[in-house]
> 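Mind having a look at this structure? Questions to follow.
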Amino acid sequence: MEGESNQKYSHHGGNFGSYFRQKQEKLALQDDNEYSKKSNIFANCKVYINGNTDPPAIILKKLIIENGGEICAFLGRKSSATHIMATHLTNQKIKDFANHRVVLPEWVTESVKLGVLQDWTKFRTIKIESCFNVPSDKVLVVPKQDPAALNMNIIDSPGTKGDKVRIEWILNHRLKINCLNKSFISDYFNQSRLHFMSTRKLQLRRKCRTYQPPLFPTQGSERTLIHVDYDSFFVSASLRSRPDLSDQPVCVSNGSSGSDIASANYKAREYGVSNGMWVGKAKQLCPNLICLPFDFTEYAKCSDILYDTLLALNPLRISAISLDEALVDISNMADEAETVSQEIRRSIKDQAGIDVSIGIGSNILLARLALKKAKPKGQCVLSPEQVGEFNIRDLPGVGRQVQQKLDKLGIEKVSDLKSVPLSKLNSAVGNALSRKLHEYAYGKDTDDIRTLDTPIKTVGIEIGWAIRLISNEEVAQFVFNCCEELFSRLNAVNAYCEMITVKQYRKMSDAPFVAPKHLGHGHCDIASKTKKVNNKLTFEELVEDVMFLIQQLNCPPLEFRGIGLHMQVKEVESEIESREEPARKPFQSRIKFSTTKLPPPVTPTKQVLPSILPKPPPPKKRFTVTQLFQDANDASYTSQASLNARILSELPSQTRRQILLNEDDYLPSLSAPSLPLVTTDFLGKTSLSELRKLLKKWIDSCAAPTSNDARRFFNFIRLSITEDTLWARAAKLVDWIKVLAKDKPEWLYYHSLLYEETQKQLLAKNKATKLF
DNA sequence: AGATGGCAGTAG
DNA sequence: CATCGCTACTGCCATCT
Ligand SMILES: Nc1ccn([C@H]2C[C@H](O)[C@@H](COP(=O)(O)OP(=O)(O)OP(=O)(O)O)O2)c(=O)n1
């Protein structure tokens, strides 16, 4: 795998890692037989010996191997070397070896002498004394209290003392958190609340889009909307296991001073603590503030409860605002909006144990403001005349900046908006927003709930934490890892890419090198570059384009603080709808669907006429909420016999996957179809390389796997991935398929299924290991 | 004059 | 010890074609 992927990306002209990868070690490895095992001091150590050493490499090698260690002949990008041995390093090598343990030969000789493995940090090659000519009492160890004492902010030209001090600072922090680690991105995302919320919202959006509402005669434009939201969501969820704290000021956060408060309870808010505030500041306002940790699994469960409950109502429309918040059109039960709301709140509270508030109104604005008024633990109906009393900050689209601008015009309350001429408003906050605000002042809102859940337009990733890089090579390596992440996201949605945007956080010139938040991005300039791309974007092209744009942005590695990679996309579904593409997906076309003419294109964002869809679930009767829960999991429409490609593509991916993996076998393309499935082997092959060869033959032989083959291998992977001894091999095989599947959409899709499944299983096993 | 790229701002 | 500052969207403006 290593070899192939190197070849594969070699046309990037050594942009990244080539220095390591291509380098052939001079040290000749002779036969290993002449060594006699003496101890296990260096068990699990793999040492790469760099250049001339004292004592010479041949001696060190003998010592290491005889005492249970291994020698690496190469230093690859994903090399398994645990230590690099060197007596002397050039400045370039100091950078290149930044994220390695670089040790002096004495580490080996001392360890052998004392019979115990010595702490490598006591034998660093990269030390201030030897490399930077800076007095040793000044640096290396990060001071506990005052990082600024490190004097990171020396302003000088690159390559001088200040840079070296900064590099040293970075190297030290790397030992704990290293953004170049293969698993960094997935590790980070697994801990990031904002990432969790964003991805969760995406899923919910999809869920809401595929929801099929009941038929209901629309009576004019009169609507009844409810805005449903958990009260102080994260902290309420976390407090369920700590009821003893419920009357204390409590928040959910990661660490101490510079850590974001995700959610503060109402008690804490009395002190002025708010969501998004740093813990340090909050503690000043409220010294007794208690911090609880995140529990994403629980948040996901509660989120599901909320959405399942609302969907079980059979509303006319549901729109995902966030994981804890939804906007629901219940015009079909308008008369009972209040009692329905009571029921929803009681039911969710029963299931999740968290208070829910609901705002009821005839448009989106009124529902939102009603919710604001209802909180906490309440519900409220709002009419247009009542909006005047709210603060302008409560209005959608009014954040900190707009609030400041309006403040200068003397506008504080929504009612104040009426007295300011539109032209004045216009020049302060722009054309679109001023019109909107003017409407809001009268409780009007022309936005339609149906336009909220539109098809996705961009897919992107951003990382703005722990990015500390010291060379262009490292920048390239990190960006490459980001590309992998982005590409897998593109594969996860059914879309093709039209444009790529690279966004870069660059430390402002007057900002301190050490950011106020630990490993935060600090005060940054943000620049971006965009490039149009070929529709059928391959991974290599993506990397190439992104590298090109990064190069254009031309940020010194030491100032690189964050990155965003975004793709402007078109969802593929709409393409299938508008043009009948009979065999676009062999996978899908093999499904025996009825030959009846496809209905005209229907997108969920337009008025949907359920009657033309294949047997939607029958409109359910007015509910008692508990009754409806039993129906909530009803998947009757997925079992309909008459499927066609378009409808298939609109199904929730879970369902769709089920169908794909259950459809009849087609042509067996593997020669030995009847071998039994055993977890440890697949068609008799157990070793990684044998399995890779098998996969290569298989994938090269056809454009798409047959369903039977697909299912068998899928099961093989699925079973392996939960085994402690097998999961790493399975993960590598999935990775391998991605490489082989290049330019084969069916295989790429198959890969995405495998990927999804393995990720899920790994996460479930708490082996949050990044696969790719 | 419309299209496009870069950027700010907002929400949760 | 620290800390996990994401991501999709809209709209404005300057500059282009
Ligand atoms: N800056 C923010 C804002 C919100 N959230 C998370 C935590 C919240 O619990 C959740 C929902 O956000 P809300 O704005 O709905 O706030 P709460 O639910 O915490 O409180 P409220 O009762 O005001 O809705 O999103 C976050 O992590 N960081």
Side-chain angles (χ1 to χ4, degrees), chain A residues 142-145 147 173 176-177 179 184-202 204-205 229-230 233-234 253-263 275-276 278-280 293-294 296 299 303 320-326 368 393 395-405 426 429-436 447 451-467 486 489 499 501-505 514-532 549 553 561-569:
Chain A
V142 185
K144 286 194 177 71
Q145 299 303 327
H173 282 76
K176 189 86 182 168
I177 294 173
C179 64
F184 169 76
I185 295 180
S186 66
D187 290 348
Y188 174 61
F189 281 161
N190 277 332
Q191 306 258 23
S192 162
R193 77 187 199 282
L194 291 173
H195 171 78
F196 170 74
M197 290 194 291
S198 295
T199 48
R200 190 85 199 157
K201 177 172 174 181
L202 204 63
L204 293 168
R205 251 180 88 166
D229 184 324
Y230 280 118
F233 181 45
F234 282 13
S253 71
N254 265 317
S256 50
S257 59
S259 179
D260 272 22
I261 288 173
S263 175
N275 291 0
W278 285 6
V279 171
F294 289 88
F296 294 134
Y299 307 152
S303 170
I321 306 293
S322 82
L323 79 168
D324 82 317
E325 200 171 336
R368 167 178 290 277
R393 189 60 198 272
L395 297 173
V398 179
R400 264 174 32 153
Q401 310 303 319
V402 172
Q403 183 182 30
Q404 275 180 22
K405 286 175 183 164
N426 194 325
V429 302
N431 190 13
L433 188 56
S434 62
R435 282 164 194 278
K436 209 86 198 99
D447 280 359
T451 62
L452 288 183
D453 282 307
T454 55
I456 194 136
K457 295 193 189 70
T458 70
V459 173
I461 62 157
E462 305 216 343
I463 306 178
W465 189 81
I467 312 306
L486 176 62
R489 298 267 184 103
M499 266 193 298
T501 299
V502 171
K503 173 174 156 188
Q504 192 173 47
Y505 290 62
V514 178
K517 185 207 256 318
H518 178 63
L519 293 180
H521 55 57
H523 202 195
C524 283
D525 283 317
I526 297 174
S528 67
K529 280 275 173 201
T530 298
K531 190 176 188 295
K532 286 201 178 72
L549 293 171
L553 288 165
R561 287 299 158 81
I563 189 172
L565 301 181
H566 297 269
M567 292 170 158
Q568 283 75 261
V569 301

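Every chain is numbered from 1 and lettered A, B, ... according to where its sequence line falls, protein lines coming before strand lines. Keep in mind it's a predicted model, so treat the numbers as computed, not measured.
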> Map Q191(A) and G430(A) onto DNA chain C by nearest heavy atom, then report which one ends up closer to the 5' terminus.
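The residue closer to the strand's 5' end, by nearest nucleotide, is Q191(A).
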> Tell me every residue that passes side chain to side chain donor-acceptor pair (under 3.5 Å) with K531(A), counting only those two or more places apart in sequence or in another chain.
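With sequence neighbours excluded, K531(A) shows a side chain to side chain donor-acceptor pair (under 3.5 Å) to D545(A), given in chain and number order.
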> Are Q504(A) and K529(A) side-chain neighbours, meaning at least one heavy-atom pair lies under 4.5 Å?
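Contact flag for Q504(A)/K529(A) side chains = no.
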> Describe the nucleic acid contact of N275(A) in one word from base, sugar-phosphate, nothing, applying a heavy-atom distance below 4.0 Å.
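Since no nucleic acid heavy atom lies under 4.0 Å of N275(A), the category is nothing.
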> Please determine whether a side-chain nitrogen or oxygen atom of R400(A) lies at a distance below 4.0 Å from atom OP1 or OP2 of dA8(B).
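Result: no.
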> What's R489(A) touching, base or sugar-phosphate or nothing? Going by heavy atoms closer than 4.0 Å.
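R489(A): backbone/sugar contact only, no base atoms under 4.0 Å.
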> Could you work out which one of dA2(C), dT7(C), dT4(B) sits closest to the side chain of H518(A)?
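Side chain of H518(A) sits closest to dA2(C).
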> Have a look at G258(A) and say if it touches a base, only the backbone sugar-phosphate, or nothing, with a 4.0 Å heavy-atom cut-off.
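Here G258(A) touches the backbone only, sparing every base.
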> Ignoring backbone atoms, test whether K532(A) places a side-chain nitrogen or oxygen under 4.0 Å from the OP1 or OP2 oxygen of dG5(B).
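It does, given that an N or O in the side chain of K532(A) lies less than 4.0 Å from OP1 or OP2 of dG5(B).
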> In whole angstroms, how far is the C1' atom of dC4(C) from the CG atom of L519(A)?
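Answer to the nearest Å: 9 Å.
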> DNA chain C: L194(A) or W465(A), which has the more 5' nearest nucleotide?
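Upstream on the strand: W465(A).
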> Starting at atom NZ of K529(A), determine the distance to atom P of dT4(B), rounded to an integer number of angstrom.
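Distance, rounded to whole Å: 17 Å.
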> Report yes if a side-chain nitrogen or oxygen of T501(A) is closer than 4.0 Å to either non-bridging phosphate oxygen (OP1 or OP2) of dG6(B); otherwise report no.
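Looking at the OP1 and OP2 atoms of dG6(B), neither is under 4.0 Å from any side-chain N or O of T501(A).
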> When you measure from the side chain of R205(A) to the backbone N and O of T454(A), does any donor-acceptor pair fall under 3.5 Å?
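Answer holds: yes.
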> A side-chain contact here means heavy atoms from C-beta on lying under 4.5 Å apart; do P516(A) and W278(A) qualify?
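When only atoms from C-beta onward are counted, W278(A) and P516(A) do touch, with a gap below 4.5 Å.
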> What does N254(A) touch in the nucleic acid at a heavy-atom separation under 4.0 angstrom: a base, only the sugar-phosphate, or nothing?
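Base contact.
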> Is it true that, when you exclude R489(A) itself, more than 12 heavy atoms of the residues, nucleotides or ligands shown sit nearer than 6.0 Å to its CZ?
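Yes.
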> Where the side chain of S259(A) meets the backbone of N254(A), is there a donor-acceptor pair that is under 3.5 Å apart?
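Flag set: sc S259(A) to bb N254(A) pair under 3.5 Å.
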> Using a heavy-atom cut-off of 4.0 Å across all strands, would you classify H521(A) as base, sugar-phosphate, or nothing?
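Result for H521(A) = base.
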> Describe the nucleic acid contact of G397(A) in one word from base, sugar-phosphate, nothing, applying a heavy-atom distance below 4.0 Å.
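If one applies the 4.0 Å heavy-atom cut-off, G397(A) turns out to touch the sugar-phosphate alone, with no base involved.
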> May I ask which nucleotide in the shown strands pairs with dC9(C), Watson-Crick or G-U wobble, both distances under 3.5 Å?
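Its partner is dG9(B) (Watson-Crick or G-U wobble, both distances under 3.5 Å).
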> Which nucleotide in the set dA11(B), dG12(B), dT10(B) lies at the smallest distance from any side-chain heavy atom of Q401(A)?
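Per side-chain heavy atoms of Q401(A), the pick is dT10(B).
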> Under 4.0 Å from OP1 or OP2 of dG5(C): is there any side-chain N or O of S192(A) that close?
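Yes.
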> Where the side chain of F189(A) is concerned, which of dT7(C), dT3(C), dG5(C) is the nearest nucleotide?
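So the side chain of F189(A) is nearest to dT7(C).
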> For H195(A) and dT7(C), is the shortest distance between a side-chain N/O and OP1 or OP2 below 4.0 Å?
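It does, given that an N or O in the side chain of H195(A) lies less than 4.0 Å from OP1 or OP2 of dT7(C).
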> Which of the following nucleotides, dT3(C), dT7(C), dG9(B), is nearest to the side chain of E462(A)?
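The closest nucleotide is dT7(C).
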> Does the side chain of F189(A) reach to within under 4.5 Å of the side chain of T199(A), using non-hydrogen atoms?
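No - every pair of side-chain heavy atoms lies 4.5 Å or more apart.
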> What's the NZ-P distance between K517(A) and dG5(C), to the nearest Å?
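One finds 7 Å between P of dG5(C) and NZ of K517(A), rounded.
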> Which one, dT3(C), dC9(C), dG5(C), comes nearest to the side chain of K457(A)?
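Side chain of K457(A) sits closest to dC9(C).
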> Does S259(A) have a side-chain nitrogen or oxygen under 4.0 Å from the phosphate oxygens OP1 or OP2 of dA2(C)?
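S259(A) to dA2(C) OP1/OP2: no side-chain N or O under 4.0 Å.
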> Expressed in angstrom and rounded to an integer, what is the separation of M197(A) atom CE from dT10(B) atom P?
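Atom-to-atom, M197(A) to dT10(B), this comes out as 17 Å.
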> In terms of side-chain heavy atoms of S198(A), which of dA2(C), dT7(C), dG5(B) is nearest?
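Per side-chain heavy atoms of S198(A), the pick is dT7(C).
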> Among dT7(C), dC12(C), dG6(B), find the nucleotide with the atom closest to the side chain of N431(A).
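Minimum distance to the N431(A) side chain belongs to dC12(C).
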> Which part of the nucleic acid does G520(A) contact within heavy-atom distance under 4.0 Å: base, sugar-phosphate only, or nothing?
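Answer is base: heavy atoms of G520(A) come under 4.0 Å of a base.
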> Quick one: does any side-chain atom of W465(A) pair with a main-chain N or O of G562(A) as donor and acceptor, under 3.5 Å?
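A pair under 3.5 Å: no.
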> I need the CD1-P distance between I463(A) and dT3(C), as an integer number of Å.
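My rounded result for the distance is 19 Å.
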> Return the polar atom pairs (N/O with N/O) between nucleotides 14-17 of chain C and the protein under 3.5 Å, or none.
none

> So if I take every side-chain heavy atom of A432(A) and compare against dC6(C), dC4(C), dC12(C), which nucleotide ends up nearest?
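Side chain of A432(A) sits closest to dC12(C).
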> Are T458(A) and Q568(A) close enough that some pair of their side-chain heavy atoms sits under 4.5 Å apart?
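Yes; the side chains approach each other to less than 4.5 Å.
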> Does R200(A) reach a base, just sugar-phosphate, or nothing at all? Heavy atoms under 4.0 Å.
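Result for R200(A) = nothing.
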> Which nucleotide in the set dG5(C), dA11(B), dT3(C) lies at the smallest distance from any side-chain heavy atom of Y188(A)?
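So the nucleotide nearest the side chain must be dG5(C).
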> Please work out if S257(A) contacts a base, only the sugar-phosphate, or nothing of the nucleic acid, heavy-atom cut-off 4.0 Å.
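Sugar-phosphate, backbone atoms only, no base.
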> The side chain of T458(A) is closest to which nucleotide in this list: dC7(B), dC4(C), dC9(C)?
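Comparing dC7(B), dC4(C), dC9(C) against the side chain of T458(A), the answer is dC9(C).
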> Starting from P on dC7(B), measure out to CE on M499(A) and report it in whole angstrom.
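About 15 Å, once rounded to whole Å.
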> Take the protein atom CH2 of W278(A) and the nucleotide atom C1' of dA2(C), then report the distance between them rounded to whole Å.
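Interatomic distance, CH2 of W278(A) to C1' of dA2(C): 12 Å.
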> Could you state the CD1-P distance from I321(A) to dT10(B), rounded to the nearest angstrom?
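I321(A) atom CD1 is separated from dT10(B) atom P by 18 Å.
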> Quick one: label I461(A) by what it contacts on the DNA or RNA (base, sugar-phosphate, nothing), any heavy atom closer than 4.0 Å.
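Contact class for I461(A): sugar-phosphate only.
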> Between Y299(A) and F296(A), what is the ring plane arrangement, given parallel below 30°, perpendicular above 60°, and tilted in between?
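Correct class here is perpendicular.
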> Do the ring planes of H173(A) and H518(A) sit parallel (below 30°), tilted (30 to 60°) or perpendicular (above 60°)?
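Rings of H173(A) and H518(A): tilted, as their planes differ by 30° to 60°.
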> Sort out the partner of dA2(C) for me: Watson-Crick or G-U wobble, both distances under 3.5 Å, none otherwise.
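WC or wobble partner does not exist here.
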> Need one value for G280(A): base, sugar-phosphate or nothing, where a base atom within 4.0 Å counts as base even if backbone is also close, heavy atoms only.
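If one applies the 4.0 Å heavy-atom cut-off, G280(A) turns out to touch nothing in the nucleic acid.
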> How far, in whole Å, is dT10(B) from dC4(C) if one measures between their C1' atoms?
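It works out to 22 Å between them.
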